[in-house]
Amino acid sequence: MSSEARKPPETTAMGLRLKVLREAASITRRELAQRFGSQQPAIARPEKGHVKPDLVTLARIAKALGYRFEVTAVPFNEAINDGVSVRFL
């Protein structure tokens, strides 16, 4: 079984969203990490779906990208991940 098959779908979806936002800003992983006082692996690991960043890290990444980070509780039938919807605005 490949490592891709073992990744939780919400981790992979979050990583893809982070990557899309970063690429839309035309910055590298290293540049984004430097913007919030970290190192390149702090961006690479979540983008690749290897880790699910905590809310504080997501908020810092969002701010570094020029977004507001918001977490909203929604009904399960509308949620992707255990009744929680996460948005970058």
Side-chain angles (χ1 to χ4, degrees):
M1 176 182 273
S2 75
S3 63
E4 287 295 318
R6 290 189 299 259
K7 294 176 187 172
E10 66 275 5
T11 302
T12 303
M14 177 65 71
L16 179 59
R17 182 71 176 137
L18 290 172
K19 182 177 181 179
V20 167
L21 292 172
R22 178 184 57 76
E23 288 177 345
S26 299
I27 60 174
T28 66
R29 290 175 177 153
R30 184 177 308 255
E31 290 169 325
L32 178 56
Q34 288 173 344
R35 286 185 184 188
F36 76 94
S38 192
Q39 295 184 13
Q40 184 268 347
I43 302 300
R45 288 190 307 259
E47 277 190 4
K48 293 177 179 179
H50 295 300
V51 298
K52 187 172 9 175
D54 61 37
L55 296 178
V56 172
T57 301
L58 287 172
R60 290 173 62 205
I61 292 170
K63 184 176 180 180
L65 286 168
Y67 288 86
R68 184 182 80 219
F69 179 73
E70 182 178 279
V71 177
T72 307
V74 297
F76 279 105
N77 60 345
E78 297 175 20
I80 295 173
N81 182 19
D82 297 330
V84 176
S85 172
V86 178
R87 300 186 309 166
F88 291 88
L89 305 170

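What you are looking at is a predicted structure, and each value in this text was computed from that prediction instead of being measured.
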Would a hydrophobic clustering, with Ile, Leu, Val, Met, Phe, Trp and Tyr connected at side-chain separations under 4.5 Å, put [X] with [Y]?
X     : Y     : answer
Leu18 : Val71 : yes
Ile27 : Leu58 : yes
Val20 : Val51 : no

Nearest-0.5 Å distance, [atom1] of residue [X] to [atom2] of residue [Y]:
X     : Y     : atom1 : atom2 : result
Arg60 : Leu32 : CZ    : CG    : 10.5 Å
Thr28 : Glu23 : OG1   : CD    : 11.0 Å
Gln39 : Gln34 : CD    : CD    : 9.5 Å

Note to self: Holding to side-chain contact (heavy atoms from CB on, under 4.5 Å), I want the full list of residues that pass it with Gln40, two or more places apart in sequence or in another chain.
What the structure shows: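 For Gln40, the residues satisfying side-chain contact (heavy atoms from CB on, under 4.5 Å) (neighbours in sequence not counted) are Arg29, Arg30, Ala44.
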
Note to self: Using every non-hydrogen atom in the two residues, find where Pro41 and Pro46 come nearest and quote the distance to one decimal.
What the structure shows: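 Nearest heavy atoms, Pro41 then Pro46: O-CD, 4.0 Å.
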
Check: Is there a side-chain contact between Leu55 and Phe69 (heavy atoms, below 4.5 Å)?
Finding: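 They are in side-chain contact.
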
Check: Between Ile61 and Ile43, is any pair of side-chain heavy atoms under 4.5 Å apart?
Finding: yes

